[in-house]
Amino acid sequence: MRPSIIHKSPAGLPVAPNLADYQSERERFSWATARAELPRLPGGGLNIADCAVTRHARGPNRDQVAFRFLSEQTSHELTYGDLDAQTNRFANVLAGLGVGRDDVVFVLAGRLPELYLAVLGSLKNGTPVSPLFSAFGPEPIATRLNAGSGTVLVTTTSLYLKKVAKICDQVPSLRHVLVVPDEPDEPLPPGTRDLTGLLAGASDVFTTVATQPEDLALLHFTSGTTGMPKGAMHVHDAVVTHWVTGRDALDLHPGDIFWCTADPGWVTGTSYGIIAPLLHGVTSIVDEAEFDAERWYAILSEQQVTVWYTAPTAIRMLMKAGPELAAARPRPDLRFVASVGEPLNPEAVWWGQEVLGLPIHDNWWQTETGGIMLANTPAFDILPGSMGRPLPGVDAAIVVRGAAGLELAGEDTEGELVLRSGWPGMFRGYLNDPERYARCFSGEWYLTGDLALRDAGGYYWFVGRADDVIKSAGHLIGPFEVESVLMEHPGVAEAGVIGKPDELAGELVKAFVSLKQGYQASDELRLEILGHARRRLGAAVAPKEIAFLDALPRTRSGKIMRRLLKARELGLPEGDTSTLEGGG
Ligand code: AMP
C-alpha cells in the first residue's frame with residue numbers, strides 16, 4: 001500500500017522555493033508589505049495592467065517573452081515590450097471610440113493574442129473587462145452581456161456569425177462589436193468593426209488611466225443554485241493577491257516558463273493565465289488548441305515548461321492515456337505542478353509522483369476569492385487528497401450551525417469552509433445584487449458554500465458543495481440556467497438538473513424533464529431537446545443526458561427537489577422528504 005504522505009525535502013531542488021518556512025512566513029506576512037512590492041501610478045493610483053506589463057516593458061524584462069501563443073500549426077511570441085505597445089494600441093482604440101471607465105468590455109474569443117490584448121488594454125483604459133468562455137452558446141452570452149450592461153464586445157468573425165448575431169438586438173447596451181477576422185480579407189459582418197485594422201491604425205503610446213485600488217477591474221460570472229449567473233466584481237487591488245499567490249502557491253521564479261491550461265473565460269485563466277505570471281515577469285505558454293494528451297506532453301517537453309498549473313479532469317485524461325506517452329517525452333525542466341478546480345483524487349497525486357516524477361500540488365479557491373486561498377506548497381509535505389493549508393495572509397476555518405447560529409468547528413468536523421474577510425483579491429460584490437452578496441458573510445467570515453474539514457495538522461479536505469451547483473470538467477454550471485433553457489422547449493413542462501458523477505469530468509449535467517400534454521417521451525424527442533439545449537447553451541453547459549419523468553418531485557412550496565433527483569439517480573437514501581409535495 002502507498003504511504004499517506006509525500007515528504008518534501010528542500011535539499012536537491014533545482015531552485016530554492018519562494019515559500020520555504022510556512023509558519024514563520026504566516027507570522028511575518030502582511031498584505032500592506034506585499035502591496036508595497038508593486039508599483040503605483042504617479043499620484044498613487046494602482047492598475048493591474050501597469051503592474052503586469054508596463055513596469056516590465058520599462059525595465060530589464062523588456063525583451064523577455066511574455067506570451068508564446070501556440071496554435072495547431074504556428075507559434076507567435078510577444079515580448080513584454082511588444083505586449084506593452086499592443087495593449088497601448090488596444091487602449092487607444094477604446095479611447096478613440098469614446099469608451100471609458102463607465103463602460104464594460106466583454107471578450108468572447110478562443111485563446112488568441114487579441115483576447116489577451118483586450119483584457120490588458122481595457123484595464124489600462126480603466127474600463128472593467130469580462131472574458132467569456134467561447135464555448136458558451138448564444139443564451140449564456142446574452143444573459144451575461146445584459147447583466148454586465150456590456151458596451152463593447154470583442155470577438156471573432158466566426159463566433160460573431162455563429163453566436164452573437166442572433167442575440168445582438170437583445171442586448172440594448174451594446175454599442176461596439178470589434179471582430180478579429182478568422183481569415184485575412186474576410187468580409188466584415190454588418191454592424192461590426194475590424195479590430196485588426198483598428199489596432200494597426202492606433203498609436204502604441206498610451207498613459208494608463210489613473211485607476212484607484214478599489215476601482216472595478218474584472219467581472220467574472222459564476223453560478224449559484226438559484227437564479228441566473230452572478231457577476232463577481234473584482235477591483236484593481238486584487239493584483240496584490242495575484243502577486244503573492246503566484247509567488248507562494250505557484251512558486252514562480254524569474255526565467256520560469258509557465259503553462260496555465262485554463263481558459264480566461266473562467267477565473268483561473270485570467271488570474272493565473274494572464275495576470276500572475278506577467279506580474280512575475282515570466283514567460284507564459286498559451287495553447288489555442290483543445291486537450292490532446294500527445295500534444296500536451298509535447299508542449300511540456302518542447303516548450304521546456306518549468307511550472308504547470310492544470311486541472312483534475314485534464315490529469316485524469318492524461319492518466320487514461322497511459323504512462324507510455326508520458327515516458328516518450330522527457331521533461332527535465334518541469335519543476336512544479338499544481339492543480340485546481342475540482343477534487344483531486346489521491347491516485348492522481350501519486351500518478352504525478354510516479355509518472356511525471358513530481359507530485360501534483362492541489363490548491364483551492366473560487367471565483368469570489370479572486371486567487372488561491374488554500375494550497376499544497378513547496379514548503380510542506382503533501383497529504384494526497386487534501387487541498388493543503390491556508391496561504392500566508394489567509395485565515396480559514398470550518399463552521400457548523402449551532403443553537404446560537406454559526407460556530408467555529410474543531411478538528412475533523414465537517415462543516416462549511418469560511419475565510420476571514422479582507423484579502424485584496426476578494427470580490428467586492430455581485431453585480432446588481434447587494435443582498436446576495438450580504439448573504440455570503442457572517443460577521444467577518446466569508447461563507448464559501450463548500451463543505452470541508454480541517455485535520456490536526458491544519459490541512460483542509462474537501463467534502464462537497466453545500467448547494468446544487470455542478471462542476472463538470474472544472475466548469476461551474478448553475479442548474480437554473482440550464483433548466484430555464486430546457487423549459488423554453490415547447491414540449492417541456494418541468495425540468496430539474498443535477499450533476500451526475502462521472503469518472504473523467506467529475507460530474508456531467510443530467511436533466512430530468514416532464515412533458516406537456518400532447519407530447520410523448522421518445523428517443524427522437526430526447527435528441528430534439530438535447531439539440532435545443534446545445535444550440536442555446538453551448539456544448540460546455542448543455543445536458544449530456546435527459547431522462548423523462550411523469551412528474552418531478554417538488555417541495556410543498558413548489559421548488560423542484562434536485563437533491564432527491566440526485567439521490568434517486570445514485571440509488572442513495574432519499575433523506576428527509578418531509579417537505580416533499582404529497583409526501584411526509
Ligand atoms: P469556480 O468559482 O468556478 O472557480 O469554482 C469554485 C469551486 O470549485 C469551489 O467552490 C469548489 O467547490 C470547487 N473547487 C475548486 N478547487 C477545488 C479543489 N482543489 N478541490 C475541490 N473542489 C475545488
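First listed ligand is number 1; within each ligand, the first listed atom is number 1.
A salt bridge links R295 with D287: the distance from a Lys NZ or Arg NE/NH1/NH2 to an Asp or Glu carboxylate oxygen falls below 4.0 Å.
Annotation for F69 and R111: closest pair CD2-O, 4.2 Å, computed over non-hydrogen atoms.
Taking the six-membered ring for Trp and thresholds of 30 and 60 degrees, Y272 and Y309 have ring planes more than 60 degrees apart, a perpendicular arrangement. The aromatic rings of F427 and F441 lie parallel to each other, with less than 30° between the two planes, well short of the 60° mark.
Within the 6.0 Å centre-distance limit, the rings of W259 and W296 are counted as a close aromatic pair.
Under the salt bridge (Lys or Arg N to Asp or Glu O under 4.0 Å) criterion, no residue pair touches residues 376-389, with sequence neighbours excluded.
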Exercise answer, ligand 1 polar atom pairs (N/O) under 3.5 angstrom:
from     : atom 1 : to   : atom 2 : distance (Å)
ligand 1 : 2 (O)  : T367 : N      : 2.8
ligand 1 : 2 (O)  : T367 : OG1    : 2.5
ligand 1 : 5 (O)  : K471 : NZ     : 3.0
ligand 1 : 8 (O)  : G341 : O      : 3.4
ligand 1 : 8 (O)  : K471 : NZ     : 2.9
ligand 1 : 10 (O) : Q366 : NE2    : 2.8
ligand 1 : 10 (O) : D450 : OD1    : 3.0
ligand 1 : 10 (O) : D450 : OD2    : 3.0
ligand 1 : 10 (O) : R465 : NH1    : 2.8
ligand 1 : 12 (O) : D450 : OD1    : 3.0
ligand 1 : 12 (O) : D450 : OD2    : 3.0
ligand 1 : 14 (N) : G341 : O      : 3.3
ligand 1 : 16 (N) : G341 : N      : 3.2
ligand 1 : 19 (N) : D362 : OD1    : 2.9
ligand 1 : 19 (N) : D362 : OD2    : 3.4
ligand 1 : 19 (N) : N363 : O      : 2.7
ligand 1 : 20 (N) : E342 : O      : 3.3

